Amino acid sequence: MKQRIFSGVQPSGNLHIGNYLGAIKNWVELQDEYESIFCVVDLHAITVPQDPETLRKKTIEIAKIYLAAGIDPEKSSIFIQSHVPEHAELAWILNTIAKIPELEKMTQFKDKLQKESRESASVGLFDYPALMAADILLYNTQTVPVGEDQIQHIELTRTLAKRFNHRFGDTFIIPEPFVRKEGMRIMGLDDPIKKMSKSAKSEYNYISLIDSEETVRRKIKKAVTDSGTEIVYSDDKPALKNLINIYSLLSEKSSKEIEQMYAGKGYADFKNDLAEVIINFLKPFQEKINALSDEKVLEILKQGAEKVRPLAKQKLDEVKKKIGFVL
Ligand code: AQP
């Protein structure tokens with residue numbers, strides 16, 4: 001029996017190379033080894049305000065990105081979170097066992113509060129980790145491949161699963177995070193101390209997977225660098241380290257090789273080449289995205305939901321019975 005993995009991405013903006021390198025690239029590699037379920041988490045996306053038309057467009061676009069990256073719907077289930085209502089139902093039940101201080105501690109919530117005021121933040125944003133726990137626990141997921149920023153949420157998922165099992169008897173499998181060291185945290189191009197983020201205020205924070213060649217060149221040219229002129233991979237130079245990481249992950253060259261290639265050269269040469277490496281990666285990717293029709297993708301997503309829904313229903317019924325609901 002193959003172990004099961006579950007993961008997802010929010011259709012909350014333009015997917016960036018951090019989402020690809022930290023998450024989607026790993027999913028593609030894992031789908032042969034694991035029974036894989038990948039979701040477009042639209043219920044998560046609405047925890048911050050979304051324009052309805054853009055949300056619809058981005059939901060389909062994210063699914064196209066999954067497919068263009070190499071997720072194979074014959075091997076993996078791909079679906080939209082809101083097409084399986086059991087996610088929201090289980091999240092509500094988990095809300096009743098999660099504790100307010102546990103959610104208040106979440107770094108992502110605290111980071112997002114810095115982007116908008118506490119007064120305007122939604123209860124849904126606060127509750128995001130309970131919904132994420134429901135996503136994972138509904139499918140008896142053993143492994144959750146994510147970027148480093150999500151580890152704290154998976155720890156909370158484990159805590160909630162253990163608490164539920166303790167109160168009501170064995171119900172949930174306790175999932176493990178799966179984080180690859182490479183790509184686990186791609187930093188913002190305009191601020192290498194914070195992770196690259198699709199909801200960043202400035203588009204100069206990220207390279208989107210649908211950026212044009214001209215946009216990539218402009219963004220890389222503007223990316224912040226550290227003092228000095230040498231191309232060295234060092235913790236003292238976080239901006240350069242991040243750019244070298246991106247170069248390395250997209251070109252399969254090690255950071256040492258990259259240092260050697262640019263010995264005696266300056267930032268301009270390095271940045272010009274980095275832009276070309278990114279463009280060479282994005283071009284075939286974007287061609288595949290453009291070749292997929294919305295109708296075809298929606299059909300794949302609906303089939304995916306049909307395939308996973310019985311699993312979700314079975315688990316939710318088990319939970320309902322355990323807590324005393326009349327079925
Ligand atoms: N900068 C990053 N480096 C590596 N991995 C990353 N991930 C996100 N940012 C980076 C991983 O991408 C997956 C999907 O993320 P998400 O869309 O569910 O939400 P997020 O983690 O909150 O990503 P963003 O880009 O920062 O989105 P917004 O700004 O909308 O919140 C996850 O596995 C994540 O670890």
Side-chain angles (χ1 to χ4, degrees), residues 5-30 36-51 54-55 58-59 61-63 65-66 69 71 80-81 87 106-116 121-122 124-126 128-129 131-133 135-136 141 143-155 157 175-203 205-210 223 238-239 241-243 245-246 248-250:
I5 56 176
F6 175 96
S7 202
V9 172
Q10 303 179 72
S12 51
N14 292 323
L15 238 70
H16 51 71
I17 52 173
N19 298 127
Y20 175 75
L21 294 169
I24 300 171
K25 184 171 187 268
N26 296 332
W27 303 354
V28 177
E29 288 161 10
L30 294 170
S36 307
I37 305 180
F38 301 121
C39 190
V40 183
V41 289
D42 54 351
L43 297 175
H44 282 279
I46 59 163
T47 57
V48 294
Q50 302 291 341
D51 167 63
T54 312
L55 181 64
K58 289 285 161 199
T59 301
E61 189 182 287
I62 298 245
I65 288 174
Y66 287 2
I71 304 289
I80 301 174
Q81 189 183 27
H87 287 250
M106 294 293 118
T107 316
Q108 180 169 299
F109 176 63
K110 289 195 269 187
D111 283 351
K112 291 210 166 165
L113 278 194
Q114 284 179 354
K115 289 184 192 164
E116 51 183 305
S122 71
L125 185 66
F126 179 65
Y128 182 112
L131 177 59
M132 180 164 160
D135 300 339
I136 295 167
T141 305
T143 307
V144 192
V146 283
E148 195 192 28
D149 59 310
Q150 294 296 334
I151 291 182
Q152 198 187 25
H153 289 161
I154 295 169
E155 269 158 17
T157 302
E176 298 282 348
F178 175 97
V179 182
R180 283 236 165 94
K181 193 169 162 289
E182 309 80 43
M184 65 185 187
R185 186 174 280 253
I186 303 295
M187 311 310 277
L189 299 180
D190 58 350
D191 179 0
I193 306 306
K194 295 208 182 103
K195 71 163 192 159
M196 186 176 280
S197 176
K198 53 179 132 63
S199 60
K201 287 220 168 77
S202 162
E203 62 154 351
N205 171 274
Y206 56 81
I207 300 283
S208 149
L209 293 170
I210 53 167
K241 185 177 171 190
N242 187 41
L243 295 180
N245 270 336
I246 296 171
S248 168
L249 287 160
L250 294 180

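Since we're looking at a predicted model, the values are computed, not measured. In listed order, ligands and their atoms are each counted from 1. Note that the numbering runs from 1 along the sequence shown for the chain. Note that these values count all heavy atoms, side chains included, but never hydrogens, waters or copies made by symmetry.
Under a 3.5 Å cut-off, the side chain of Q81 and the backbone N or O of L43 do form a donor-acceptor pair. A distance-only check finds a donor-acceptor pair linking the side chain of K198 to the backbone of Q10 [under 3.5 Å].
Within ligand 1, counting atoms from 1 as listed, the ones closer than 4.0 Å to a heavy atom of A23 are 12 (O), 13 (C), 33 (O). Of all atoms in ligand 1, numbered sequentially from 1 with element shown, those under 4.0 Å from a heavy atom of S12 are 30 (O). For ligand 1 and G22, the ligand atoms under 4.0 Å from any heavy atom of the residue are 4 (C), 5 (N). Close contacts of ligand 1 with M184, meaning ligand atoms under 4.0 Å from a residue heavy atom, involve 3 (N), 4 (C), 5 (N).
Closest approach of A45 to P11, counting heavy atoms only: CB-CD, 3.7 Å. Between K195 and N205, the shortest heavy-atom contact is O-ND2, 4.3 Å. The two atoms that bring N26 and L21 nearest to each other are ND2-O, 4.2 Å, heavy atoms only.
Assignment of H16 to the shell around ligand 1 is supported, since a heavy atom sits closer than 4.0 Å. At a 4.0 Å cut-off, at least one heavy atom of G8 sits close enough to ligand 1 to count as contact.
A donor-acceptor contact closer than 3.5 angstrom links the side chains of H44 and D135. In the model, K58 has a side-chain atom that pairs as donor or acceptor with a side-chain atom of N14 under 3.5 Å.
Nearest-residue assignment for atom 12 (O) of ligand 1 (options N19, L15, N14, I24; heavy-atom criterion): N19. Residue D149 holds the heavy atom nearest to atom 34 (C) of ligand 1 of all those in V40, D149, I62. The closest non-hydrogen atom to atom 20 (P) of ligand 1, taken over K112, M196, K195, comes from K195. When Q150, R180, H44 are ranked by how near their heavy atoms come to atom 32 (C) of ligand 1, first place goes to Q150.
Contact annotation: for Q108 versus ligand 1, heavy atoms closer than 4.0 Å belong to the side chain alone. Residue-level proximity to ligand 1 for M187 is absent, since no heavy atom of it falls below 4.0 angstrom. Contacts with ligand 1 closer than 4.0 Å are made by backbone heavy atoms (N, CA, C, O) of R185 only, the side chain lying farther away. Residue contacts with ligand 1, taken as heavy atom pairs separated by less than 4.0 Å, involve S197 via backbone and side-chain atoms alike. Both the backbone and the side chain of S199 come within 4.0 Å of ligand 1, counting heavy atoms alone.
On a distance-only criterion, G18 and ligand 1 share at least one N/O pair closer than 3.5 Å. Checked against a 3.5 angstrom limit, the closest N/O atoms of V9 and ligand 1 fall outside it. Considering backbone and side-chain N/O of E148, none are found under 3.5 Å from N/O of ligand 1. Residue S7 places no N or O, backbone or side chain, under 3.5 Å from any N or O of ligand 1. Taking only nitrogen or oxygen atoms, main chain and side chain alike, G147 reaches within less than 3.5 Å of ligand 1.
Under the 4.0 Å criterion applied to side-chain N and carboxylate O atoms, E29 and R180 are assigned as salt-bridge partners.
Taking the six-membered ring for Trp and the full ring otherwise, F126 and F109 have centroids separated by under 6.0 Å.
Counting heavy atoms from C-beta outward, F178 and L30 have side chains that approach closer than 4.5 Å. Put simply, the side chain of T157 reaches to within 4.5 Å of the side chain of P175, judged on heavy atoms.
Using the six-membered ring where Trp is involved, F38 and W27 have ring planes that are parallel, under 30° apart on the 30 and 60° scheme.
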